[in-house]
Each structure stands twice: as structure tokens, then as C-alpha cells.
Undergrad: 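Got a structure for you, written out below as C-alpha cells; questions coming shortly.
Convention: sequence-line order gives letters A, B, ...; per-chain numbering from 1. For clarity, every value in this text was computed on a predicted model and none was experimentally measured.
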2 protein chains.
Amino acid sequence: MSGWIARFPSLADVEDPLLRSSLSAVRVMQLPPGATVFRGGDPCRNYLLVLEGSVRVQKVSESGREILLYRVESGQSCILTTACLLAGEDYAAEAVTETPVQAVAIPLSLFHAAMGASRPFREFVFRAYAERITGLILLVEAVAFGRMDVRLARCLLERSGDGTELNTTHQDLATELGTAREVISRLLKEFERTGLVRLQRGRVILDNTDELRRIASGAGGNTP
Amino acid sequence: MSGWIARFPSLADVEDPLLRSSLSAVRVMQLPPGATVFRGGDPCRNYLLVLEGSVRVQKVSESGREILLYRVESGQSCILTTACLLAGEDYAAEAVTETPVQAVAIPLSLFHAAMGASRPFREFVFRAYAERITGLILLVEAVAFGRMDVRLARCLLERSGDGTELNTTHQDLATELGTAREVISRLLKEFERTGLVRLQRGRVILDNTDELRRIASGAGGNTP
DNA sequence: GCCCCTGTGTGATTTTGTTACTTAACCGCG
DNA sequence: CGCGGTTAAGTAACAAAATCACACAGGGGC
């Protein structure tokens with residue numbers, strides 16, 4: 001219970017001992033994968049910090065289609081909660097855990113106290129906001145102007161990390177990119193036809209990451 | 001020079017008299033319409049507050065297409081500047097004045113001082129962040145899932161305000177919505193064919209705002 | 001008038017989204 | 001093991017939107 005503060009250097013050097021002790025009293029939450037952290041309209045009065053695991057924050061349209069806005073991962077904060085609270089708006093996005101998640105919920109009053117007392121904490125919070133905003137702007141650009149094959153190639157590479165295998169469904173990729181499953185199926189089939197990937201149920205194997213990277217970089221000339 | 005603080009109640013009640021006096025020393029900028037406030041990569045070390053006028057913040061793609069991210073209007077702050085600075089990232093968006101603009105630039109050091117000293121100021125800043133973020137999320141949704149005719153109808157109504165006339169070009173509307181000029185031309189032609197608007201060079205006249213509002217609300221059944 | 005630039009109209013083609021299915025793989029269970 | 005039930009993936013046909021390519025019109029400056 002005391003170790004987690006070390007993960008947040010910005011919290012570790014709060015000067016005020018009173019504040020510091022109250023920080024150690026915050027609630028730690030454990031969530032199983034697939035749990036809904038919040039949904040549009042939920043009254044959420046806490047500033048959330050993810051210690052371990054990954055949370056998807058996504059927007060669901062009326063028609064049921066979804067798009068991933070961003071992920072909250074170890075050491076990151078979920079700004080949307082605070083944002084909606086402060087702006088006094090309903091917030092339409094929802095958050096779902098992708099893995100088992102360990103998080104702390106800091107009550108709003110304590111959050112404000114920390115903001116007043118600690119410049120490092122403020123900077124931590126601001127940096128989080130800033131990164132989300134630039135991330136969202138890049139997302140707007142990708143959705144508005146980007147080609148789907150490029151976005152898919154990029155998504156495959158990101159998700160695979162170092163490896164060349166990827167356990168995911170077409171629907172899952174479609175949800176991440178905000179498109180329809182059929183579109184992903186088509187594109188993956190095309191990738192398979194040109195030898196870039198192999199497809200199995202619930203799995204994609206990357207055979208030619210170099211060429212994928214070329215497509216991901218936006219280089220044209222890949223529609224024969 | 002003293003009147004503007006009244007526009008920002010959150011600044012007006014800064015307790016610290018020292019801080020307060022330094023606030024009154026900030027630089028006021030006057031910008032003509034069409035001026036570029038910042039562009040991707042510009043080193044910008046100020047927190048900007050718009051006193052009067054309107055600034056477009058837009059993203060320009062490599063291919064030259066643009067999309068309006070949001071407007072900064074009287075009494076609002078341009079969070080992107082701060083955001084990029086704090087996150088240490090280049091920021092890809094650019095800002096251009098739409099009207100004559102009067103703004104104050106608060107140096108970063110002073111900004112941090114005010115954040116530490118004044119809870120109202122903090123809340124003002126946070127509210128700004130929060131509203132931008134929810135705005136950007138709505139934009140992502142509109143771009144990813146929204147139909148273009150709906151978005152165009154909404155845009156026409158917003159821009160016209162109370163009136164029924166609108167001095168703007170098709171290209172201008174396309175830029176705002178992040179699409180191609182031809183798409184807007186075709187949709188407007190369709191609107192004209194069904195008696196919703198009349199078109200003139202550089203001008204759109206709204207003849208049936210009720211029906212436009214119906215389309216803007218997302219009601220289907222408008223493509224015969 | 002004539003040129004030139006900006007704004008608009010249109011057709012053809014490609015990409016993406018939608019609808020409505022079929023087929024295939026996996027899972028648990030009798 | 002075979003049998004349904006469920007979820008994942010393939011497919012075809014069509015609609016919407018973006019893209020490309022070009023024609024043409026209006027207006028201002030010369």
C-alpha cells in the first residue's frame with residue numbers, strides 16, 4: 001500500500017505531511033478484465049490513477065459502432081473523469097478494462113488540495129491532459145484524412161510490439177479503428193493475398209513487417 | 001488595461017496582491033484577421049487568453065486538407081499552447097485569427113504561479129481543458145460516424161446564428177468540416193434542389209431552417 | 001474588352017460503409 | 001465421439017463519400 005507512491009514521483013515529494021498522509025489513505029481498486037469503469041453519465045467523483053493494467057476509453061455511437069479514444073496504462077491518469085466533472089457536462093465516452101487493473105481513486109477534494117500544494121503534482125496532471133489532447137488531435141486527423149489500410153497496418157504493428165503474432169479478432173480491430181468489421185476483413189484478406197500476413201481464427205500473423213511498415217508510413221502504390 | 005480582468009472572474013479574486021499586480025502587467029496583443037497565431041513546431045511560451053474576437057485552431061494534413069478542431073472566442077483560453085509545452089511535444093495544429101483579435105499572453109512562469117495561488121484560476125484553466133477534451137471527443141465521433149449532410153446542416157445553422165444569410169464559400173465549409181470542396185458543393189446542390197437553401201457565389205441563403213434543423217438532428221429519410 | 005483568379009458544377013473512379021447473408025471454427029455436453 | 005449453440009470470418013451487392021480530372025462562370029484589374 002505504500003509502494004505505489006514510488007510509481008508517481010510527482011506525488012512522492014508532496015511537502016505537506018498532512019496531505020501526504022491523507023494520500024496514503026486513498027482507496028485502491030482491483031478490477032477484473034472486461035469491467036466497466038464508467039459509462040456515459042455516471043456520476044464520477046474521483047481522479048483515477050491506473051497502477052497496473054490497461055483501460056480502454058472509447059466512444060460508442062448511437063448506431064452501436066465504437067472507436068478507441070485512448071488507453072490508460074500503468075502510471076497514467078484518466079483525465080476524462082475529472083474533465084467531465086469540472087466542465088459540468090455529461091460525458092459520453094465509456095471506459096472498460098482490457099486486463100486486470102489495479103487503480104487508485106483520489107477523491108475530488110483531495111485532488112484539489114494536491115493541486116494547490118504541489119507543483120510536481122500539477123505538472124503530472126497537466127502533462128496527462130496535454131498528452132491526451134495531442135493524442136486526440138492526431139486521432140481526429142487519422143479519422144478525417146487517413147486511409148484505412150494505413151491505419152490498420154499501423155494498428156497491427158503497434159499491437160504486435162516486438163513479436164509477429166497478434167491474438168485479436170477482426171471485430172476487435174474494427175472497434176479500435178472505428179470502422180466496420182467487414183472493412184477490416186476485406187483489408188486483412190488483401191494483406192494476406194499479398195503475403196503480408198496470415199490469418200487464423202482470432203489471430204493475425206505478421207509475415208512481412210517491413211512492407212507493413214512501408215504501408216503504415218503512408219507510402220502509396222499499394223492497390224494493384 | 002484594467003477592465004479586462006473583470007471578464008475573468010477567476011482571475012479577479014486572486015488573493016495574493018503581488019501576483020495580482022504582476023497579472024496586470026501582462027502583455028496585451030492585437031491581431032488583425034487572418035493572422036497566424038502559431039503553427040506546428042513554433043516555440044510558444046505563453047498561456048493565451050482571448051479577450052475579443054475569434055481564433056480558429058485547425059489541423060492541416062500533409063495533403064493540405066484542413067479540419068477545424070475548435071474555436072477560441074472571447075473569454076476562452078488556448079490550451080494547446082500550454083498543452084504542447086508541458087507535454088514537450090511538437091504540436092501539429094495551427095491557429096489563425098478569424099476576426100480582429102485582442103488577447104493577453106501570460107508567461108509560463110506567471111501561469112504556474114497563478115495555478116499555485118488561486119483555486120478559482122485553477123478551476124478556470126481546468127474547465128477550459130475539460131471543455132476542449134469533450135469537444136474533441138464529440139468531433140471524433142462526428143468525423144468517424146456522422147453523415148456529412150447532417151454535419152453540413154448543423155454547420156450552416158450554427159454559422160448563420162439568428163439570420164438566414166451566410167457569407168462563405170464551399171471551400172470554407174469544406175475546410176471547417178474536414179472534407180473536400182466537391183462534397184460540399186454536391187450536398188449544397190442537393191439542399192438547393194429540395195428548397196432548403198439558395199446558392200449564390202460566396203453566399204448561402206437558408207430558406208427552410210426548420211427542415212435543416214430536422215436534418216441536423218440526425219433524422220434519416222432525406223436522400224430520395 | 002480580355003486575362004486571370006477564385007468559386008462552382010459534373011462525371012468517372014476508388015474507397016469505405018451497409019445490409020444481409022453463408023460458411024467455418026470452437027465449446028460444452030450428453 | 002457427434003450434436004447443437006455460439007462466435008468469428010467470408011462474401012456479394014449496393015450506397016455513400018472521397019478523389020481525380022476537368023469545364024465553366026463571375027468579377028476585378030489591366
Undergrad: Mind calculating the distance between CG (Leu173(B)) and C1' (dT8(C)) to the nearest angstrom?
TA: 13 Å
Undergrad: Pairing donors with acceptors under 3.5 angstrom, does anything connect the side chains of Ser217(B) and Arg213(B)?
TA: no
Undergrad: Would you kindly give the CZ-to-P distance between Arg181(B) and dA21(D), to the nearest whole Å?
TA: 15 Å
Undergrad: Is any side-chain N or O of Lys189(B) closer than 4.0 Å to OP1 or OP2 of dT8(C)?
TA: no
Undergrad: Closer to the 5' end of DNA chain D via nearest nucleotide, is it Ala144(A) or Leu188(A)?
TA: Leu188(A)
Undergrad: Looking at Phe145(B), is its backbone amide N or carbonyl O close enough to the side chain of Ser61(A) to form a donor-acceptor pair, meaning the two atoms are under 3.5 Å apart?
TA: no
Undergrad: Return no unless some side-chain N or O of His170(B) is found under 4.0 Å from OP1 or OP2 of dT6(C).
TA: no
Undergrad: Could you tell me the separation between the CD atom of Glu66(A) and the P atom of dG17(C), rounded to a whole number of Å?
TA: 15 Å
Undergrad: From CD of Glu182(B) over to P of dC24(D), roughly how many Å is that when rounded to an integer?
TA: 17 Å
Undergrad: Rounding to a whole Å, what distance do you find between Glu190(A):CD and dT14(C):C1'?
TA: 13 Å
Undergrad: Salt bridge check, Arg159(A) against Asp172(A): does any charged N sit closer than 4.0 Å to a carboxylate O?
TA: yes
Undergrad: So, Glu176(B) and Arg71(B), do they make that salt bridge, N to O below 4.0 Å?
TA: yes
Undergrad: Please report, rounded to the nearest Å, how far the C1' atom of dA18(D) is from the CG atom of Asp149(B).
TA: 15 Å
Undergrad: Output the rounded distance in Å from CZ (Arg147(A)) to P (dA18(D)).
TA: 14 Å
Undergrad: Considering every strand and a 4.0 Å limit on heavy-atom distances, what is the contact class for Gln200(B): base, sugar-phosphate, or nothing?
TA: sugar-phosphate
Undergrad: Quick check: on DNA chain D, is the nucleotide nearest Gly178(B) upstream (toward 5') of the one nearest Arg201(B), or the reverse? Name the residue that is more 5'.
TA: Gly178(B)
Undergrad: Inspect the contact between Lys59(A) and Glu141(B) and indicate whether a charged nitrogen and a carboxylate oxygen are less than 4.0 angstrom apart.
TA: yes
Undergrad: Report yes or no: is there a donor-acceptor pair, N or O only, under 3.5 Å between the side chain of Arg186(A) and the base of dG17(C)?
TA: yes
Undergrad: Determine the contact category for Arg151(B): base if any of its heavy atoms lies under 4.0 Å from a base atom, sugar-phosphate if only primed atoms, P, OP1 or OP2 are that close, otherwise nothing.
TA: nothing
Undergrad: Kindly point out which of dT18(C), dA9(D), dG9(C) is positioned nearest to the side chain of Thr169(A)?
TA: dA9(D)
Undergrad: How many Å lie between CE on Met148(A) and C1' on dA17(D), as a whole number?
TA: 13 Å
Undergrad: Is Ser185(B) close enough to dT8(C) that one of its side-chain N or O atoms is under 4.0 Å from OP1 or OP2 there?
TA: no
